[in-house]
Each structure stands twice: as structure tokens, then as C-alpha cells.
Number of protein chains: 2
Amino acid sequence: MLSNSKDDLSQLLREKGYKITEQRKAVLEIVMEHDGEHLSSQEIYELVKKKYPDVGVATVYRTLPVLEELGYVYTVDLGDGCARYELQREGQQHRHHHLICECCGEITEVKDDLLDEIEKKIYDNYGFTIKDHRVKFYGICSKCGKC
Amino acid sequence: MLSNSKDDLSQLLREKGYKITEQRKAVLEIVMEHDGEHLSSQEIYELVKKKYPDVGVATVYRTLPVLEELGYVYTVDLGDGCARYELQREGQQHRHHHLICECCGEITEVKDDLLDEIEKKIYDNYGFTIKDHRVKFYGICSKCGKC
DNA sequence: ATTCATGCAAATCGTTTGCAACCCA
DNA sequence: TGGGTTGCAAACGATTTGCATGAAT
């Protein structure tokens, strides 16, 4: 079970044979400060830079996959041609789904998984064992639906 | 109801105020020759180039969104950092789902939609009206499962 | 004749890489 | 000490853009 606390970073890094550096702490710090957002690597770099001006782009780009490996973040693909990251919530084994409003662009997270039955059907029909999924729904959110 | 036949291209282009050109016909021709594949813009360009050497990259890149608008293709995002296109099948109102094998990389299409119930639940819980979806399942296909 | 489409090359954008200097273990 | 890590700048790959030419209506 992984914890999202920043204090565990050192330990997790050590376990994987990575070195503990200020830069890695900085990137995690920034990402944790933006829970619920879907920042691109570029945006994360800019935020890191603002707080810690000496950190280079390459470091941020190299750190994000490490944080992903350690279970702190995972990538979200919003189809805009850049890698985006989202904080991995504690106790969440699967990625959650995203509702993307075509009107205002708001991204809502779906807390429920809801796919168990479908995944079973797919196993029955295709012999495909599902380990993870990425699900995006496009439509109109409740706010925009009223207008 | 749209038809996937290449003969309708001229008409659809005309309806939208686009001009009918050999290049647009060529791109559609190539895409139709590769039904079932998920070619990147780059790959489509190379295939077009092979058959019609005078067509430029920019034209292919400009044509694909037009074909998408006309309903001939839609984009698939396989997370490899490039735009991929797939032929839109006749009579298919929603995008189908993809099963991506983490072992051999094979991409299988799921013919059934299976999401109606979930979409209803999401409407009930979030007030979000779903118009389309992108669903990818990652796991192990039947062939790889046996090894 | 007008407007839109094309090909080319240059520009852009996000990301990766090579490398010398640097710092953690 | 010694190998992973960093910052910088250059390299990269996919895609887009400006522009003068060319083709379609």
C-alpha cells in the first residue's frame, strides 16, 4: 500500500536505488500542491522553476517518470499532444475515469469504477485479461446543460 | 447516415464548401486501403507519398482533419505521442473500445459498446450527458495469456 | 476572376539526449 | 571515491505555418 506523503519519497527512492535529491523533492512538492489538476510536464516545469529557479527542464522531465514508477503520479492523456500528470490517490488501484465537458472544458473525475461487469464480459468474449483502463467520456456537464 | 464509399467524397466536400482535389482523394484512398489499422499521420503520409510522390506532408496533415470532419476517420490516441487515424465504419455511432496487449502490443477492437448502463449511472450521479467516449483496456490478450 | 489548396521550407512545440560538472551514498 | 544526477544547449520528431504558385469553381 503506498502512501502519498512526501516524507516517504526518500525511502521509496532508496528502495529503487535512486538517489535522494532536492530536485526530486521539489518536483513532488509542486505536484502535490496541485492535487486534482492535470498539469502538463511543461506546466509542472514552470511551477517548479518559479519556486526553485535553478532546476532545469530536463530534470523535471526526467523526474516525472520516476515519480510515476514510485506510484506518486500517473499520466493522463487528454489528447492535446502533451504528457499530463495527476496525483495518484491513496488506495486507488485503478485509474479513475474523466468526464470532459465539450462546452466549458471542465474535467470531472468519476469516483466509481463501474467497469467490473464489462471487464468480465470482455474476458468471456475475447479471452483478454484486463489489468487497467483509460476511460474518457465526452459530453456536456451539468452546469453547461442548463444554459 | 454516412457512407464510407470514396465516391461520396466529392459530394461531402462540396457540401462543406471544400474543393475537390486529387490530393484529398488520394489520402482517403490510402486510408481506406488500410481499414482496421491505426496509422499515424506520418505513416499515412509515407503511404500516400509512395503511390503519389508529388503530394506534400503539409497537405496530408491538412487533409486528415478534413476527413475527420466529414466522418471518414477518427483519431485514436495510443499514447505514443503521435496522432493516429482509424477508418470510421459505416453505421457506427460511437467509437469502439480498444484492447491493448501489454505483452505483444496487439490492438483488438471491441465490437460491443457495453457502456449504456454506466453512461446512465453517470448521468444520474453527475448530471453529465455523455455524447462520446474513448475507452482503452490494457492487459494480456488470449494468445499471450497462454504463454 | 476569385478563392481556396498546394508544396516547400522554415518555424514551432514538447520532449530527449550528450556531455562536462556536480553531488549523494 | 564513484556512479547516479544535474543543467545546459543542441538534437529530435511530429506537426504547423507563411508564402508564392497553382488549381478548382
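Note on naming: letters A, B, ... go to the chains in the order of the sequence lines (proteins, then strands), and numbering restarts at 1 for each one.
Atom pair B:Ile44:CD1 and D:dA14:C1' shows a separation of 13 Å (rounding to whole Å applied). Rounding to whole angstrom units, OH of residue B:Tyr52 and C1' of C:dG7 are separated by 18 Å. For the pair B:Leu13 CG and D:dT25 C1', the interatomic distance rounds to 13 Å; values are reported in whole Å. Here the C1' atom of nucleotide D:dG13 and the CD atom of B:Glu43 are 13 Å apart, to the nearest Å. Straight-line distance from the CD atom of A:Glu22 to the P atom of C:dA25: 10 Å, rounded to whole Å. Distance B:Gln42 CD to D:dT15 P: 6 Å, rounded to the nearest Å. Rounded to a whole Å, the CZ atom of B:Arg84 is 12 Å from the C1' atom of D:dA14. One can place OH of B:Tyr18 at 18 Å from P of D:dA24, the figure rounded to the nearest angstrom.
The shortest distance between the side-chain N/O atoms of A:Ser41 and the OP1/OP2 oxygens of C:dG14 is not below 4.0 Å. Contact annotation: B:Tyr61 reaches the phosphate of D:dT15 (side-chain N/O to OP1 or OP2, under 4.0 Å). OP1 or OP2 of D:dT5 has not a single side-chain nitrogen or oxygen of A:Thr21 nearer than 4.0 Å. Side-chain nitrogen and oxygen atoms of B:Arg24 include at least one within less than 4.0 Å of the OP1 or OP2 phosphate oxygen of C:dA5. Within the 4.0 Å cut-off from OP1 or OP2 of D:dG7, at least one side-chain nitrogen or oxygen of A:Gln23 is found.
Listed nucleotides: D:dT5, D:dT15, D:dG7. Nearest to the side chain of A:Lys19: D:dT5. Comparing atom distances between the B:Ala83 side chain and each of C:dC4, D:dT5, D:dT15 picks out D:dT15 as nearest. Distances were taken from every side-chain heavy atom of B:Ala58 (C-beta onward) to each of D:dT25, C:dT15, C:dA9; the shortest belongs to C:dA9.
Inter-axis angle, ends of the helix from C:dA1-D:dT25 to C:dA25-D:dT1, five pairs per end, rounded to 10 degrees: 30°.
Surrounding OH of B:Tyr74 are more than 12 heavy atoms belonging to other residues, nucleotides or ligands, all under 6.0 Å away. Counting heavy atoms of neighbouring residues, nucleotides and ligands inside a 6.0 Å radius, atom OH of A:Tyr123 does not exceed 12 of them. Counting non-hydrogen atoms of other residues, nucleotides and ligands closer than 6.0 Å to CD of B:Glu69 gives a total above 12. The local environment of CD in A:Glu102 is crowded, with over 12 non-hydrogen atoms from other residues, nucleotides or ligands closer than 6.0 Å.
Using modelled atom types, one side-chain atom of A:Tyr72 and one backbone atom of A:Leu9 make a donor-acceptor pair closer than 3.5 Å.
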(Q) Checking B:Gln42 against B:Tyr61 for the side-chain contact (heavy atoms from CB on, under 4.5 Å) test, could you report, in this order, the C-alpha distance in whole Å, the side-chain angles of both residues, the deciding distance, and whether it holds? (A) CA-CA 8 Å; B:Gln42 208 60 217; B:Tyr61 275 87; 2.4 Å; yes
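Counting non-hydrogen atoms under 4.0 angstrom, A:Val55 reaches the backbone sugars and phosphates but no base. Counting any heavy atom pair closer than 4.0 Å across all strands shown, B:Ser40 reaches no nucleic acid atom.
Comparing A:Pro53 and B:Gly81 along DNA chain D, the residue whose closest nucleotide (by nearest heavy atom) sits nearer the 5' end is A:Pro53.
Between B:Tyr45 and B:Val55 the shortest heavy-atom distance is CE1-O, 3.7 Å.
The base of D:dG4 has none of its N or O atoms less than 3.5 Å from a complementary donor or acceptor on the side chain of A:Arg62.
Cluster partners of B:Tyr138, by chain and number: B:Val76, B:Leu78, B:Ile100, B:Ile107. The rule joins Ile, Leu, Val, Met, Phe, Trp and Tyr whenever side-chain heavy atoms lie under 4.5 Å apart.
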